[in-house]
Amino acid sequence: MPDASTHRLELTLKKPLFNWRSKPTVVIAGRGQPAQWGVGTWQLPSVAERVGASGVIRVFIFNRLWRWGTAVYVFDETPPAALVYTPPLLPFLPGRIRPR
């Protein structure tokens, strides 16, 4: 039975215009997890498992040569129910995560 203090997060990962055979990676609680483009759900750690009172979600795009489009979302006590990751138009720019 899941702990009442854990949350599920719906994360929409938009595909970049120039894909270059890249894949997104989602980092939650310091653990990188390969992902797919589109809508997915992620279980967030409970408040007791987080470092401090805030949580951090990081998304970046990775291909065989480099990683790019990094975006970070920091939340306090209660995380949002849904987030949207928007990749940058150019590979040297940061991406963006915002609540939906």
*Members sharing Val27's hydrophobic cluster (side chains within less than 4.5 Å)*: Phe60, Phe62

_Qualifying residues under side-chain contact (heavy atoms from CB on, under 4.5 Å), relative to Pro87, sequence neighbours excluded_ = Lys14, Pro16, Ile61, Tyr85

_If I compare all heavy atoms of Ala29 with all of Pro45, which pair ends up nearest, and what's the gap?_
CB-CG, 3.9 Å

*Between Ile97 and Tyr73, what is the shortest heavy-atom contact and its length?*
CG2-CB, 3.8 Å

*Tell me whether Val84 is reachable from Val26 by hopping between hydrophobic residues (I, L, V, M, F, W, Y) whose side-chain heavy atoms are closer than 4.5 Å.*
no

*Give the cluster check for Val59 versus Trp66: same hydrophobic cluster or not, with ILVMFWY residues linked at side-chain heavy-atom distances below 4.5 Å.*
yes

*Are Leu89 and Trp68 connected in the hydrophobic side-chain network, where two residues link if heavy atoms are under 4.5 Å apart?*
no

*Which pair of heavy atoms, one from Ile28 and one from Gln43, lies closest together, and at what distance?*
CG2-O, 4.5 Å

_Closest approach of Ala35 to Trp42 (non-hydrogen atoms, all atoms of both residues)_ = CB-CZ2, 3.7 Å

_So, using side-chain contact (heavy atoms from CB on, under 4.5 Å) as the criterion, who are the partners of Pro94 when residues are at least two apart?_
none

*Can you find a pair of side-chain heavy atoms, one from Phe18 and one from Pro91, that are under 4.5 Å apart?*
no

*Could you list the residues that satisfy side-chain contact (heavy atoms from CB on, under 4.5 Å) with Val39, not counting sequence neighbours?*
Glu10, Thr12

_Pairs where residues 21-36 contributes a residue and the test side-chain hydrogen bond (donor to acceptor under 3.5 Å, both in side chains) is met, not counting sequence neighbours_ = Asn19-Ser22

_Co-membership, hydrophobic cluster, residues Leu17 and Leu93, 4.5 Å side-chain_ = no

*Could you list the residues that satisfy side-chain contact (heavy atoms from CB on, under 4.5 Å) with Leu9, not counting sequence neighbours?*
Leu44, Ile57, Leu83

